[in-house]
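The block underneath contains the structure these notes are about, expressed in structure tokens.
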Protein chains: 2
Amino acid sequence: MKTDSGERPARAPLSRERVLEGALAIADAGGLESLTIRSLAHELGVKPMSVYYYVANKSEIIDGIVDRVFSEIELPAPDGDWRTEMRRRSASARAVLRRHPWAIPLLQSRTHPGPATLRHHDAVIGSLRSAGFSMAMTAHAFALIDSYVFGFALSESALPINGPETVTEVATSMMPSSAPDLYPHLIEFTTEHILKPGYDFGAEFDFGLTLILDALSSPSHAGIRP
Amino acid sequence: MKTDSGERPARAPLSRERVLEGALAIADAGGLESLTIRSLAHELGVKPMSVYYYVANKSEIIDGIVDRVFSEIELPAPDGDWRTEMRRRSASARAVLRRHPWAIPLLQSRTHPGPATLRHHDAVIGSLRSAGFSMAMTAHAFALIDSYVFGFALSESALPINGPETVTEVATSMMPSSAPDLYPHLIEFTTEHILKPGYDFGAEFDFGLTLILDALSSPSHAGIRP
DNA sequence: GTAGCTTTCGTACTTAGTACGGTGGGAGTG
DNA sequence: CACTCCCACCGTACTAAGTACGAAAGCTAC
């Protein structure tokens, strides 16, 4: 009765790729804290220690999936209009980070960037440089845009998944039921604006990005662009 | 020989305050991952389970110290010039987050804000509102400035502690020794600009903040300020 | 078939959070 | 003074997680 095949769950033979794939799926489904070696092994249909044949430790797994997240972000085309390209890659970054919110704190702070991460930064710098930005101005723009995009994603990730309607419960749950007028501006602002039907926090993204891009291309930074 | 006093380490009698104080000290010294119930108890001179008399669980401790971090950030004065006040509180926030880098990912994402956090947001909103910003414009400015400040702090926390000189080793260690010209712009940018003696990433903060504040007060957002 | 590789796994140790139920000592009461 | 009670603290122990170590199972080449 011990048939050689047909007994096994017939799974793919495991590989570093499949390990990272599974890890990404788990992190997306339940956040970083749900990604454990055991949960990953279970997902892959193997026993925990098998994973360690393909990765040295858990931190290598995390480096790997962070780089995968970076690889999902659209690169700016080096020959396009830099404002258009920056807008595209920023919107893409934001969309990607909404899919992988657990990655936001890690994107900027991992000290072992992978190839996709390096390619991404290379493309952004290239886009600015070929638009005529000086070295110094490229550094300024790069830090500014990146800080804004990732900072916004970080703020946004605090709110539950999607849509303007869920904001209501978050905002109200954050308000202390006691202490009625300790925070008058905050309460006024929340009730009069945030909780109003039309408000969508996500829409703030475009305002800030446009303002930044406009300011970066304004003539007040003379001698910088061609 | 069993003198009532003099035998004991003569420590203060523990309290919620002392628990949070100790937790903050440990997180500052070794990062969030070094803050464990056991390390905290050791720091306080008690046994692990004693801590649980004052807090329900570890996450309550983290909420507590995050709020303490917020309380260190200078509040904008409601009657000062809004640009001056925003600059002051932004610089203060950055300085505080350099002292407590472990807190950055948590500041925006904790769903249980403490009193200091609420006071802080209240003051920022109040400052903008009394400068004449409309509700909508306050929301725009708030999201923009906060995203930038916290995003910058997040980027900055990736670099090791301080100073322009340490950048060198980080930048070089990030470069793959193989693959010479896969990332031409990144390499050019790093060697020609970042690694040059005078470069200080921290100085980028002021550039971006000034650009944002200038753009927010420009007349192109007409009808918004008085 | 058997040596030697590749791949997977069993066992077990360590660190962490924390449930549950004490225990000691001081305050209050008779 | 003895007794009770409660507050502050702790001992024990269970569970989850990362991972060291080395063995087993299967595969390839001869």
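Order of the sequence lines fixes the chain letters, A, B, ..., with proteins taken first and strands second; residue numbering starts at 1 for each chain. Quick caveat, the model's predicted, so the values are computed rather than measured.
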How close or far is atom [atom2] of [N] from atom [atom1] of [X], stated in whole angstroms?
| X | N | atom1 | atom2 | answer |
| --- | --- | --- | --- | --- |
| Leu32(A) | dA17(D) | CG | P | 14 Å |
| Glu60(A) | dT19(D) | CD | P | 11 Å |
| Leu35(B) | dT18(C) | CG | C1' | 15 Å |
| Ile37(A) | dA16(D) | CD1 | P | 17 Å |
| Arg38(A) | dA17(D) | CZ | P | 7 Å |
| Glu33(A) | dA16(D) | CD | P | 16 Å |
| Tyr54(B) | dG17(C) | OH | P | 20 Å |
| Leu40(B) | dT18(C) | CG | C1' | 14 Å |

Open item on the list: Classify Thr36(A) by what it touches in the nucleic acid, base, sugar-phosphate, or nothing, heavy-atom distance under 4.0 Å.
Closed with: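 Sugar-phosphate contact only - Thr36(A) comes under 4.0 Å of backbone atoms but never of a base.
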
Among [options], the one nearest [X] by side-chain distance:
| X | options | value |
| --- | --- | --- |
| Tyr53(A) | dT7(C), dC7(D), dT18(C) | dT7(C) |
| Lys58(A) | dT8(C), dA17(D), dA16(C) | dA17(D) |
| Met49(A) | dC10(D), dC9(C), dG18(D) | dC9(C) |
| Leu14(A) | dC10(D), dT8(C), dC21(D) | dT8(C) |

Do the side chains of [X] and [Y] get close enough for a salt bridge, i.e. N-O under 4.0 angstrom?
| X | Y | result |
| --- | --- | --- |
| Arg68(A) | Glu17(A) | yes |
| Arg16(A) | Glu21(A) | no |
| Arg89(A) | Asp146(A) | yes |
| Arg38(B) | Glu43(B) | no |

- [ ] Fit a plane to each ring of Phe152(A) and Tyr148(A), take the angle between them on a 0 to 90° scale, and name the class: parallel (under 30°), tilted (30 to 60°) or perpendicular (over 60°).
- [x]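 It falls in the tilted class, 30° to 60°.
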
Task: side-chain N/O Ser50(A) vs dC9(C) OP1/OP2, d < 4.0 Å - done: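 Yes, because at least one side-chain N or O of Ser50(A) sits under 4.0 Å from OP1 or OP2 of dC9(C).
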
